[in-house]
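Residue numbering restarts at 1 for every chain, and letters A, B, ... go by the order of the sequence lines.
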2 protein chains.
Amino acid sequence: MRRLSERIDREANAVYAARGIDFEQRWYGTLSLLDERGPLSVTEIARALNITHVAVSQARRSLTAAGLIASTLDPADGRRRTLHLTDAGAAFVARLWPLWDALNAVGDAINREAADPSAALDRLEGALDRMSLSERVERLLPRSI
Amino acid sequence: MRRLSERIDREANAVYAARGIDFEQRWYGTLSLLDERGPLSVTEIARALNITHVAVSQARRSLTAAGLIASTLDPADGRRRTLHLTDAGAAFVARLWPLWDALNAVGDAINREAADPSAALDRLEGALDRMSLSERVERLLPRSI
DNA sequence: CATAACTCCGTAAGCACTTACGTTGATTCG
DNA sequence: CGAATCAACGTAAGTGCTTACGGAGTTATG
């Protein structure tokens, strides 16, 4: 599973590289979200993407270094940093959308071709939600607690 | 996908921790293989597990530090290091088998419960083998080459 | 039989996340 | 209204892999 997800990352990277685009995978979520929904705080992005605020913060750092986004301190709440696309970032995203659309279309196509592995993963996640791994193991091989 | 695989890793870790066993996920492949098939070289293990020799080498380092395996230089071929379980390693593995069996059984059960996501992932991999991501994108959005 | 080509294995660094932990503001409440 | 709690965010370090690279030993070839 990890191997497969690494393979997909790698192949996606190759797509960008083949077109001479300097792009990091982890940029996608933040960039597309900022483009679609406007300025957002780090935590808002984290919640929308279902990752930790730390991952967003790291993406922020590299996106800022690349000059694609900038942040302003929220005047109403000194803890928050509101992230927004710079002009260069907006142009970059505009250039990338066709490629992202293509990638998403390819993802859908593969998903159909392979009989919906994505739904299968959702079911797996659901199974773990119903009963955790540890609980299942405990039930099969009681020992601790 | 990455998130889910990380979740599984985490839950599996919790299983070991709950039983007070000091265990690293990446040990599993090498330990179980050495126990089932006897002394093996780094590259042999890598091929059997379908990972890089580097990953095996890193596991080797940490397993050696933990005193669970040891290596001898192959007298016939000076490049090879043959890895084998130490006495402590063999005892550790013996103690762990029931847990591994339980984990595998739980994996099978979840797999059935969730309508075989594992097969779905194999199909996904197969689809990528038939045509790579870049090729699919190229076909949809010709640009480069 | 020297040299080119290949194989085994190691270290370093990167990737995209995570947890652990601390700092600085905002909010609540007695 | 001051103290305790909570929320937003940052850095450091870890995880389990990967690619890039290099050294040293083995095999093939002209």
Side-chain angles (χ1 to χ4, degrees), chain A residues 1-17 22-32 39-66 69-83, chain B residues 1-14 16-17 22-31 39-66 69-83:
Chain A
M1 187 159 163
R2 158 169 245 120
R3 212 183 59 238
L4 189 52
S5 102
E6 266 157 4
R7 172 175 179 181
I8 293 172
D9 278 10
R10 210 163 40 237
E11 294 206 12
N13 268 326
V15 170
Y16 294 104
D22 191 20
F23 188 76
E24 296 178 24
Q25 283 300 323
R26 59 179 168 168
W27 289 354
Y28 174 74
T30 298
L31 280 185
S32 58
L40 294 168
S41 74
V42 171
T43 299
E44 284 168 339
I45 295 172
R47 276 203 263 266
L49 299 178
N50 200 15
I51 56 178
T52 62
H53 81 271
V54 182
V56 176
S57 182
Q58 288 163 349
R60 174 199 53 76
R61 198 181 345 183
S62 111
L63 280 163
T64 303
I69 69 169
S71 55
T72 50
L73 278 156
D74 187 328
D77 185 339
R79 294 168 303 178
R80 306 180 101 183
R81 291 178 159 277
T82 304
L83 310 186
Chain B
M1 186 160 162
R2 158 168 247 124
R3 211 183 59 238
L4 190 52
S5 104
E6 266 156 4
R7 171 173 180 183
I8 293 172
D9 278 9
R10 212 164 37 239
E11 293 205 11
N13 268 326
Y16 294 105
D22 190 20
F23 188 76
E24 298 178 25
Q25 283 300 324
R26 57 179 169 169
W27 289 355
Y28 174 74
T30 298
L31 281 184
L40 294 167
S41 74
V42 171
T43 299
E44 283 167 341
I45 294 172
R47 276 203 263 266
L49 299 179
N50 200 14
I51 55 178
T52 62
H53 80 271
V54 181
V56 176
S57 183
Q58 289 162 348
R60 174 198 54 75
R61 197 180 346 183
S62 110
L63 280 164
T64 304
I69 68 167
S71 56
T72 50
L73 278 156
D74 188 327
D77 184 338
R79 294 168 302 180
R80 306 179 100 182
R81 292 178 159 277
T82 304
L83 310 186

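The backbone N or O of A:Ile8 lies less than 3.5 Å from no partner atom in the side chain of A:Glu11, so there is not a single donor-acceptor pair. Using modelled atom types, no side-chain atom of B:Ser57 and backbone atom of B:His53 make a donor-acceptor pair closer than 3.5 Å.
Nucleic acid contact class of A:Asp74 (heavy atoms, under 4.0 Å, all strands): none. Here B:Arg3 lies out of heavy-atom contact (under 4.0 Å) with every strand. When heavy atoms are screened at a 4.0 angstrom cut-off, B:Ala76 is found touching the sugar-phosphate backbone but no base atom. At a threshold of 4.0 angstrom between heavy atoms, the contacts of B:Thr52 include nucleobase atoms, whether or not backbone atoms are also involved.
A:Asp77 pairs with exactly one of A:Arg80, A:Arg81, A:Arg79 by the side-chain hydrogen bond (donor to acceptor under 3.5 Å, both in side chains) rule, that one being A:Arg79.
Comparing D:dC9, C:dG25, D:dA20 against the side chain of B:Val54 picks out D:dA20 as the nearest. Checking D:dA24, D:dC17, C:dA16 against every side-chain atom of A:Gln25, the shortest atom distance belongs to C:dA16. Taking only side-chain atoms of B:Arg79, from C-beta outward, the nucleotide of D:dG10, C:dC8, C:dT11 with the closest atom is C:dC8. Among C:dT11, C:dC17, D:dG10, the nucleotide with an atom closest to any side-chain atom of A:Arg60 is D:dG10. For B:Asp77, taking side-chain heavy atoms from C-beta onward, the closest of the listed nucleotides D:dC17, D:dG25, C:dC9 is D:dG25.
Phosphate proximity of C:dA26 to A:Arg80: absent, as no side-chain N or O sits under 4.0 Å from OP1 or OP2. The phosphate of C:dT7 (OP1 or OP2) has no side-chain N or O of B:Thr43 nearer than 4.0 angstrom. OP1 or OP2 of C:dG10 has at least one side-chain nitrogen or oxygen of B:Arg81 nearer than 4.0 Å. Of the side-chain N and O atoms in B:Ser41, none sit less than 4.0 angstrom from OP1 or OP2 of C:dC8. The phosphate of D:dC9 has neither OP1 nor OP2 within less than 4.0 Å of any side-chain N or O from A:Ser57. Between B:Arg47 and the phosphate of C:dC8, there is a side-chain N or O to OP1/OP2 separation shorter than 4.0 Å.
The CD atom of A:Glu24 sits 11 Å away from the P atom of C:dC17 (whole-angstrom rounding).
For C:dC8, the base is not stacked against the aromatic ring of B:His53, per a cut-off of 5.5 Å between centres and 30° between planes.
Heavy-atom distances to DNA chain C give each of B:Arg2 and B:Glu44 a nearest nucleotide, and the one nearer the 5′ end belongs to B:Glu44.
Salt bridge present: A:Arg2 and A:Glu6 bring a charged side-chain N and a carboxylate O closer than 4.0 Å.
Judged by distance alone, with hydrogens and angles left aside, B:Glu6 brings no side-chain donor or acceptor close enough to the base of C:dT19 to form a pair under 3.5 Å.
The minimum heavy-atom distance linking A:Leu73 with A:Gly78 is given by the pair CD2-O, 3.7 Å.
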